[in-house]
Enquirer: 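Once you've had a glance at the structure underneath, I'll fire off some questions.
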2 protein chains.
Amino acid sequence: MSFRHVAIIGLGLLGGSIGLAVKEHLPGVTTTGYDADPKVRERARQRGLAGTIADDPADAVRGADLVILCVPVGAMEAAASAIAPGLKPGAVVSDVGSSKISVSESLARALPEHVIIPAHPVAGTEQSGPDAGFASLFHHRWCIITPPEGAPPAKVKSLKAFWRGLGSTVEIMDADHHDRVLAVTSHIPHLIAYTIVGTASDLEEVTRSEVIKYSAGGFRDFTRIAASDPVMWRDVFLNNRDAVLDMLDRFLTDLAMMREAIKAGDGEMMFDQFSKTRAIRRRIIEHGQDDARPDFGRHDHD
Amino acid sequence: MSFRHVAIIGLGLLGGSIGLAVKEHLPGVTTTGYDADPKVRERARQRGLAGTIADDPADAVRGADLVILCVPVGAMEAAASAIAPGLKPGAVVSDVGSSKISVSESLARALPEHVIIPAHPVAGTEQSGPDAGFASLFHHRWCIITPPEGAPPAKVKSLKAFWRGLGSTVEIMDADHHDRVLAVTSHIPHLIAYTIVGTASDLEEVTRSEVIKYSAGGFRDFTRIAASDPVMWRDVFLNNRDAVLDMLDRFLTDLAMMREAIKAGDGEMMFDQFSKTRAIRRRIIEHGQDDARPDFGRHDHD
Ligand SMILES: NC(=O)c1ccc[n+]([C@@H]2O[C@H](COP(=O)([O-])OP(=O)(O)OC[C@H]3O[C@@H](n4cnc5c(N)ncnc54)[C@H](OP(=O)(O)O)[C@@H]3O)[C@@H](O)[C@H]2O)c1
Ligand SMILES: NC(=O)c1ccc[n+]([C@@H]2O[C@H](COP(=O)([O-])OP(=O)(O)OC[C@H]3O[C@@H](n4cnc5c(N)ncnc54)[C@H](OP(=O)(O)O)[C@@H]3O)[C@@H](O)[C@H]2O)c1
C-alpha cells in the first residue's frame with residue numbers, strides 16, 4: 001500500500017519542502033496543508049506548497065492516509081491534538097522533528113488510538129519559513145525512521161517507500177540511539193556555534209565590526225550554523241537534554257585536554273589530534289555528504 | 001617606489017597563490033621562489049608558481065626588493081636565517097603567518113639588520129601544498145599589516161600597494177591586537193572544530209560510520225575546518241598561546257552558562273542567546289565575507 005493523500009502540518013522549511021518534493025517526485029499523490037500562522041498559509045498558497053491549504057487543522061488532515069507534523073519539536077503535542085478530530089482511523093501520523101524520544105512520547109499522549117511512526121530527515125539549511133523550502137532538499141540525504149514497538153510493519157514499509165520517493169536513503173533506528181547520534185552530529189555543533197558567536201559579539205577589546213571583517217579565517221562557518229531558527233533549536237535542547245548534556249561533557253573533557261596541551265606547549269599532542277581529524281573529512285566527502293570544493297576560501301563562489 | 005622583484009619562500013597554498021596572483025595582476029613584477037621540499041619545488045616549476053624556482057634559499061632572494069615568507073609560523077625563524085646570505089640591503093622582509101607577535105620577534109632575531117614588516121592575509125582554505133594555490137585567493141579579502149615601531153613609512157606604503165594589487169583590502173594594526181582578533185575569529189573556531197571532530201570519532205556507542213552518514217545536520221561544516229593542515233595549526237597554537245587561552249576561557253564560561261540553561265530547562269535564556277547571533281550573520285553577508293546561499297543543505301551544489 002502506498003500513501004495517496006499526504007497532509008502536512010507546519011509549512012516552513014521542512015513542510016514546504018515535502019510539499020514541493022511530492023509534487024515533483026510523486027505526481028499521483030494529493031497534498032493538503034495547514035499552518036498555525038495565517039500569513040504562512042497565504043504564502044504557502046502563493047507558492048503552491050500543498051495542493052490545498054486549509055484554515056483548520058482537522059480539515060487539513062481529513063481523508064489523509066499519511067499526516068506529517070513539521071512544526072518545532074515543542075509544538076508537536078499541540079499540533080497532534082489539534083488534528084485529532086479530522087484524522088481517519090488507520091491513518092499514519094509521522095513527523096520530521098530533530099529529536100525523537102520526546103516527540104514519540106508527545107504524539108502517543110496526544111493520539112493514543114492512532115498509528116504513530118516518527119521520522120527525521122537529516123537535511124536542512126539555516127533558513128526557515130514558507131519561502132525557504134525547495135523540492136530537492138532530501139536528495140541524497142538520510143531519513144531516519146524510529147518505529148515504536150508494535151508499529152505495523154506494512155505501514156513502516158510504506159513510510160520508507162515515501163521517503164525513498166523523495167530522494168532519501170532510509171535507515172531504521174530506535175529513538176534512543178537516534179537522539180544520541182544526532183546529539184553529536186547536529187545538536188552539539190549547533191550549541192557550540194551559537195555559543196562562540198555569542199562570545200565573539202560580547203568582547204570589549206575586539207569590536208563587532210572586526211569580528212565581521214575578519215570572519216573569513218574560520219568564524220563565518222560558525223555564524224552560518226548560528227543563524228538557524230531560535231525556536232526550533234530552543235526546542236531541540238529542551239527535548240534532547242540528556243543526550244546533549246552527556247555529549248557536551250565529553251566534548252568539554254577533550255577541550256580541557258587541548259587547553260592543557262596549549263598551556264604546556266605540547267606540540268606533539270596537538271599534531272596527533274589534528275592529523276586524526278583529516279581522515280574523517282575524507283570519508284564524509286567519499287560518502288557524498290559534502291564535496292571537496294573549499295568553502296572556506298570560496299574561490300568557486302566568486 | 002613599488003616592488004619589482006618579489007621572492008616567495010615556501011610554495012604551498014599561500015606562497016603558490018601569491019606567485020599566481022602576481023603573474024595575473026602585476027605583470028611587470030618578477031618572481032622567484034624556494035621551498036625546503038624538493039618535491040614541492042618540482043611541482044612549483046610545473047605549475048609556474050614563480051618565474052624562477054631556486055634550489056637554495058639565498059639564491060632565491062638575491063636581488064629581490066620584497067621577500068615574503070610563506071612557511072608555518074614555527075619555521076619562520078629558520079627560513080629567515082637561511083635567506084640572510086642572499087638578502088640585498090634595503091629589501092623588505094614580510095610574511096603571511098597567522099600569528100604576529102611571535103613572528104615579528106623571530107624575524108627580528110634572525111635578521112636584525114633588515115627592514116621587517118609582517119603581514120597576514122585573512123584568506124585561506126583547508127587545502128595545503130603546491131597544488132592548492134590559486135590566483136584569486138586574496139580577492140575581496142582583508143590583509144592585515146602589523147608594522148613594528150620605526151618601520152619606514154614609504155616601505156609600509158609599498159607593501160600596502162602590493163596587497164591591494166592582489167585584490168585585498170589592507171588594514172594596519174598592531175601585532176598584539178591582531179593576535180587577539182584572530183584568536184577569536186580564526187584560532188578558537190579551529191580549536192573547537194578539531195576538538196569536536198576528535199570527540200565524535202572516539203565515541204563507543206555511536207560509530208564513526210554513523211557520524212559520517214548523519215554529518216549533514218551540522219557536523220560536516222566542522223570537519224571541513226578540522227581538515228586544515230596539522231603543522232600549520234600546531235604552530236599557531238604554540239605561537240599565539242596567551243590570546244588563545246584568554247579567548248578560550250571566555251568561550252568556556254559562556255558554554256558553562258549554556259550548559260546550565262539546558263540542565264535547568266531555561267528556554268527563555270536559550271531563545272534570547274540564539275536570536276542574538278542571527279544579526280551577526282546578516283552583517284557578515286552584507287560585508288561580502290560570505291554569501292547567503294545555504295551551504296548546509298547545498299541545494300546549489302547539486
Ligand atoms: N531546519 C532544519 O534544518 C531541520 C532539519 C531537520 C528537521 N527539522 C525539524 O523540522 C521541524 C520544522 O522545522 P522547520 O525548519 O521547517 O521550521 P519552520 O521553517 O520555522 O516551520 C515551522 C512552521 O510550523 C508552524 N507552527 C508552529 N506551531 C504550529 C502548530 N501548533 N500547528 C501548525 N503549525 C505550527 C510555524 O508557524 P510560526 O512560525 O507562526 O510558529 C512555522 O510556520 C522541527 O521540528 C525541526 O526540528 C528541521
Ligand atoms: N592555510 C591558510 O588558510 C592560511 C591563511 C592565512 C595565513 N596562513 C599562514 O601561511 C603560512 C603558510 O601556510 P600554507 O597554508 O601556505 O602552508 P603549506 O601549504 O603547507 O605551505 C608551506 C610550505 O612551506 C614549506 N616549508 C616549511 N619550512 C620551510 C623552510 N624553512 N623553508 C622553506 N620552505 C619551508 C613547506 O614544506 P614542507 O611541507 O616540506 O614542510 C610547505 O611546502 C603559515 O604561516 C600560515 O599560518 C595560512
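Throughout, a chain's letter reflects where its sequence line sits, starting with A, and its residues are numbered from 1.
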Enquirer: Could you tell me which portion of A/Asp202 (side chain, backbone, both or neither) has an atom closer than 4.5 angstrom to a non-hydrogen atom of chain B?
Expert: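 Only the side chain of A/Asp202 comes within 4.5 Å of chain B.
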Enquirer: Taking the side chain as C-beta and beyond, is there a heavy-atom pair between B/Thr185 and A/Val206 under 4.5 Å?
Expert: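 No; the side chains remain at least 4.5 Å from each other.
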Enquirer: For a side-chain contact (heavy atoms from CB on, under 4.5 Å) check, start with the C-alpha distance between B/Thr253 and A/Thr199, then their side-chain angles and the critical distance, and finish with the verdict.
Expert: CA-CA 9 Å; B/Thr253 303; A/Thr199 304; over 6 Å; no
Enquirer: Any side-chain heavy atom of B/Ser209 within less than 4.5 Å of one from A/His287?
Expert: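 No. Closest side-chain heavy atoms not under 4.5 Å.
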Enquirer: Just wondering, do B/Leu255 and A/Leu191 contact through their side chains at under 4.5 Å, heavy atoms?
Expert: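 Yes. Closest side-chain heavy atoms under 4.5 Å.
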Enquirer: Heavy-atom distance under 4.5 Å between the side chains of B/Ile262 and A/Leu245, does that happen here?
Expert: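 Touching, per the 4.5 Å side-chain cut-off.
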Enquirer: Between B/Val197, B/Val231, B/Val122, B/Ile284, which has the largest tally of heavy atom pairs under 4.5 Å with chain A?
Expert: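 The option with the most such pairs is B/Ile284.
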Enquirer: Can you tell me how far the CG atom of A/Leu252 sits from the CG atom of B/Leu252, to the nearest 0.5 Å?
Expert: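 Taking CG in A/Leu252 and CG in B/Leu252, the distance rounds to 7.0 Å.
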Enquirer: Picking from A/Ile192, A/Asp242, A/Val211, which has the most non-hydrogen pairs under 4.5 angstrom with chain B?
Expert: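 Looking at each option in turn, the highest pair count goes to A/Ile192.
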Enquirer: Do side-chain atoms of B/Arg281 reach the backbone of A/Ala226 as a donor and acceptor pair under 3.5 angstrom?
Expert: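 Flag not set: sc B/Arg281 to bb A/Ala226 has no pair under 3.5 Å.
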Enquirer: Using non-hydrogen atoms and a 4.5 Å limit, figure out which bit of B/Ala123 sits close to chain A: side chain, backbone, both or neither.
Expert: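 The answer is neither part of B/Ala123.
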Enquirer: With a 4.5 angstrom heavy-atom cut-off, could you sort out which part of A/Met173 is near chain B: side chain, backbone, both or neither?
Expert: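 The side chain, not the backbone.
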Enquirer: Using a 4.5 Å heavy-atom cutoff, which residues in residues 269-278 of chain A come close to chain B?
Expert: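 The stretch touches chain B at A/Met270, A/Phe271, A/Phe274, A/Ser275, A/Lys276, A/Thr277, A/Arg278.
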Enquirer: Has the side chain of A/Arg241 got a donor or acceptor atom that lies under 3.5 Å from a matching backbone atom of B/Lys263?
Expert: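 Yes: the side chain of A/Arg241 pairs with the backbone of B/Lys263.
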Enquirer: Run the side-chain contact (heavy atoms from CB on, under 4.5 Å) check on B/Leu203 and A/Arg180 step by step: do they pass?
Expert: CA-CA 11 Å; B/Leu203 295 173; A/Arg180 299 181 68 73; over 6 Å; no
Enquirer: Under a 4.5 Å cutoff for heavy-atom pairs, which residue among A/Phe222, A/Trp142, A/Phe237 has the most contacts with chain B?
Expert: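 Of the candidates given, the most pairs with chain B belong to A/Trp142.
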Enquirer: Nearest 0.5 Å, please: how far is CZ in B/Phe251 from OG1 in A/Thr195?
Expert: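 A/Thr195 OG1 to B/Phe251 CZ: 5.5 Å, rounded to 0.5 Å.
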Enquirer: Looking at B/Leu182, B/Asp229, B/Val244, which has the largest count of heavy-atom pairs under 4.5 Å with chain A?
Expert: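 Heavy-atom pair counts peak at B/Asp229.
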Enquirer: Got a salt bridge between B/Asp249 and A/Arg259, using NZ or NE/NH1/NH2 to carboxylate O under 4.0 Å?
Expert: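 Salt bridge flag = yes for A/Arg259 with B/Asp249.
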Enquirer: Calculate, to the nearest 0.5 Å, the distance between atoms CD1 and CD1 belonging to A/Ile285 and B/Ile212 respectively.
Expert: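 Answer rounded to 0.5 Å: 11.0 Å.
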Enquirer: Do A/Ile188 and B/Phe219 have side chains that get closer than 4.5 Å, going by heavy atoms?
Expert: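 No - every pair of side-chain heavy atoms lies 4.5 Å or more apart.
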Enquirer: Is A/Glu171 salt-bridged to B/Lys213, going by a charged N under 4.0 Å from an acidic O?
Expert: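 So A/Glu171 pairs with B/Lys213 through a salt bridge.
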Enquirer: Does the pair A/Glu205 and B/His177 meet the rule for a side chain to side chain donor-acceptor pair (under 3.5 Å), with working shown?
Expert: CA-CA 8 Å; A/Glu205 71 281 39; B/His177 191 60; over 6 Å; no
Enquirer: Taking the side chain as every heavy atom from C-beta outward, state whether A/Ile144 and B/Tyr214 have any pair of such atoms under 4.5 Å apart.
Expert: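 Yes - at least one pair of side-chain heavy atoms lies under 4.5 Å apart.
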Enquirer: Would you mind reporting whether A/Asp221 and B/Ile225 have side-chain heavy atoms less than 4.5 Å apart?
Expert: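 Yes; the side chains approach each other to less than 4.5 Å.
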Enquirer: Determine the option with the most heavy-atom pairs under 4.5 angstrom with chain B, choosing from A/Asp266, A/Val181, A/Thr169, A/Asp235.
Expert: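 Winner by heavy-atom pair count: A/Val181.
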